[in-house]
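To keep things clear, I will list the structure first and then write my remarks on it.
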Amino acid sequence: MIDIRLLRENPDYFKEGAKKKGFDVDIDAVLELDAKRRAVQASVDRRKKELQDKSKRMKGPLSDDERRALQSELKSFSRAIKDDEAKLRELEEELKEKLLYIPNPPMDDVPVGSDESDNVELRREGKPPEFDFEPLDHLDLGLKHGLFDIERGVKVAGSRSYYLKGYGLMLENALMRYAIDVLMERGFTPFSTPVIVKEDAMIGSGYFPVGREEAYAIEKDDLYLIGTSEVTLVSYHMGEILNEEDLPLRYAGYTTCFRREAGSYGKDVRGLYRVHQFQKVEQVIICRNDEKEMLKYHNELLSNAEYIIKSLGLHYRVVEVCTGEMGLGQVKKHDIECYMPGRGGFGETHSCSSFRDFQARRARIRYKNSSGKNVYPYTLNNTAVASPRLLIAIIESYQTKDGSIKIPDVLVPYMNGLKKI
RNA sequence: GGAGAGAUGGCUGAGUGGUCGAAAGCGGCGGUCUUGAAAACCGUUGUCCCUCUCGCGAGGGACCGUGGGUUCGAAUCCCACUCUCUCCGCCA
C-alpha cells in the first residue's frame with residue numbers, strides 16, 4: 001500500500017513509477033475519489049457535531065410538545081446523516097480497494113526496462129563446472145539414482161508434480177537444514193509457519209489482489225496456500241506496534257510453497273525447474289523506516305544467500321532486476337541465478353526484494369520511533385535455499401564421470417557422512 | 001462435530017441507554033527523593049481520519065471483536081458473523 005498523502009503531494013512520481021513498472025493504473029481517478037471522500041467526511045463530521053449538540057437538549061427540561069417537535073426534527077436530521085455516512089463508507093471502500101492496485105515506485109537507480117532482457121548482470125562468482133564427458137541433466141541423473149519420480153507425481157497430482165525419494169529427499173533435507181543453521185548463526189530466528197492463510201495475510205504481504213491468480217484457493221474455507229513463507233513471516237506482526245529496540249527482526253521461514261504457475265503454460269516444462277509445490281527457506285527482515293538501513297539489510301540478505309551458494313561450490317550470477325520485472329510493491333530487487341549445466345545456462349534460484357513501507361502499511365505493522373510517533377517499518381526478503389530448483393544446480397554440477405554425484409562438502413555432515421550418491 | 005462461557009485501551013479489568021475515549025491496577029514516560037539504584041510519592045501516558053496552520057499546534061469526527069438494526073442519542077438493547085476459552089466426542 002502506498003501512502004495516500006504522498007500520492008496527493010506528488011502524483012507524477014507515482015504515475016511515472018507505474019509506467020516504469022508496466023502497470024496500468026488510473027492515478028487521477030484515485031485522486032478524485034480521495035478528494036470526494038474528504039469532502040464528504042468533512043460534511044458528515046460537521047453535521048454529526050451539530051446533531052450531538054442538539055441531542056443534548058433532549059435531556060433538558062422541555063414540554064411534551066417541544067420534546068416531540070425536537071425529536072422529529074432530529075429524527076430526519078439523523079436519517080440524512082446516516083445516508084451520507086453510508087456514502088462515505090462506500091467511498092472509503094472504493095478508495096481502499098483502488099489503492100491496493102497502485103504500484104510502489106521503484107528506486108531511482110533501478111534500471112528501467114520491460115522484461116528479463118533488460119535486467120543487468122552485476123557479477124559472476126565461482127566457475128562453471130567442467131566435464132570431460134557428456135554430462136546428464138537432472139532428469140536423467142534423478143532417474144538413474146532414484147532421486148525423484150515425476151511420472152508418478154503427474155499420475156497422482158497432475159502436471160508439474162513430483163515425488164522426491166531416497167537420497168533425493170535426503171539431499172533436500174540436508175540443504176534446508178544447512179541453510180537454517182547458517183541463518184541461525186547470523187541472528188535469524190527460524191520458523192515453521194502456517195501454509196494455509198486468510199486473505200488478509202495475502203493482502204497484507206502484497207500478493208493480493210494483484211497476483212491472486214498465482215495462489216491456490218481453498219474456497220470452501222476462504223483460505224489460501226502461500227507461495228512463500230514471506231507471506232506468513234511478514235503477517236506474523238500484522239496489526240501490531242513493535243518496539244523500535246527490537247528492530248531489525250531477522251526471521252527465517254522453512255515451509256512448503258505452492259504456486260499455480262498460471263500463465264506459464266508450456267514454459268520450463270521439463271524436469272523439476274518449475275513445479276507447483278516446493279520447499280524453501282526464506283529470509284525476512286523488518287527494519288526501521290530508513291532507506292539507508294534498508295539498503296544495508298538488502299545487501300545482508302544478498303550476501304547470506306551468496307555465502308550459502310558459494311559454500312555449496314556453485315557457479316552463479318547476481319542480476320539487478322529491471323523495473324518491468326518487479327512486482328507491485330518492490331522498490332529494489334536482485335535475482336541470483338545459479339548455473340545449471342542441463343539448461344546450459346543460469347536459472348533463477350533466489351530473489352531479493354526491498355519494499356520500503358509497502359508491506360507494513362498493508363499489514364498495519366508499526367513501531368514507535370524515538371520521537372514517539374508511530375511509523376511503518378521497512379520490510380525485505382530473500383530466498384536462502386529453494387528446492388528442488390537448487391537441487392538441479394547441485395546434482396547437475398556435481399556429477400562425475402563414473403555416473404555418481406558428489407555431495408558438496410558442507411552438506412556431507414547433513415547426509416550422515418555420505419560423500420557421494 | 002455437541003454443550004457452555006466470553007471478546008473493552010500495551011496488559012489485567014470495571015462499566016447495562018446521554019455527563020464514557022471509557023474507572024482502577026499494572027506497565028511505559030517525566031519528576032521529587034538518593035552518591036547511584038530500588039522503594040515511596042507527584043505528574044503524564046491509545047489509535048485512525050478530517051479541517052485550519054509554513055510549523056509548534058488548534059478544532060472536529062470515528063473507534064469498546066466484525067457487520068447490520070433499534071433510538072434524538074449505543075461500549076451498554078436486538079440480529080448475524082468471526083474468533084477465543086472450557087468440557088465432551090473424534091483424531092496425526
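Each chain gets a letter, A, B and so on, in the order the sequences are listed, and its residues count up from 1. Being a predicted model, the structure only gives us computed values, none of them experimental.
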Just to be sure I understand the rule, does [X] reach a base, reach only the sugar-phosphate, or reach nothing, if contact means heavy atoms closer than 4.0 Å?
| X | result |
| --- | --- |
| A:Arg8 | sugar-phosphate |
| A:Arg366 | sugar-phosphate |
| A:Gln52 | sugar-phosphate |
| A:Ser55 | base |
| A:Leu51 | sugar-phosphate |
| A:Lys373 | nothing |

### Query
Using 30° and 60° as the class limits, which term best fits the ring planes of A:Tyr216 and A:Phe258: parallel, tilted or perpendicular?
perpendicular

### Message
Counting only side-chain heavy atoms from C-beta out, which of B:G68, B:U71, B:U51 sits nearest to A:Arg38?
### Response
B:U51

### Query
Among side-chain atoms of A:Asp3 and A:Tyr376, is any donor-acceptor pair under 3.5 angstrom?
no

Calculate the interatomic distance between [X] atom [atom1] and [N] atom [atom2]; express it in whole Å.
| X | N | atom1 | atom2 | value |
| --- | --- | --- | --- | --- |
| A:Lys198 | B:U82 | NZ | P | 11 Å |
| A:Ile365 | B:C48 | CD1 | P | 15 Å |
| A:Arg37 | B:C49 | CZ | P | 9 Å |
| A:Asp200 | B:C83 | CG | C1' | 13 Å |

### Message
I need the residues from residues 41-50 of chain A with at least one non-hydrogen atom less than 4.0 Å from RNA chain B; give them sorted by number, or say none.
### Response
A:Gln41, A:Ala42, A:Asp45, A:Lys48, A:Lys49

#### Entry: Phosphate OP1/OP2 of B:U71: any A:Arg79 side-chain N/O under 4.0 Å
yes

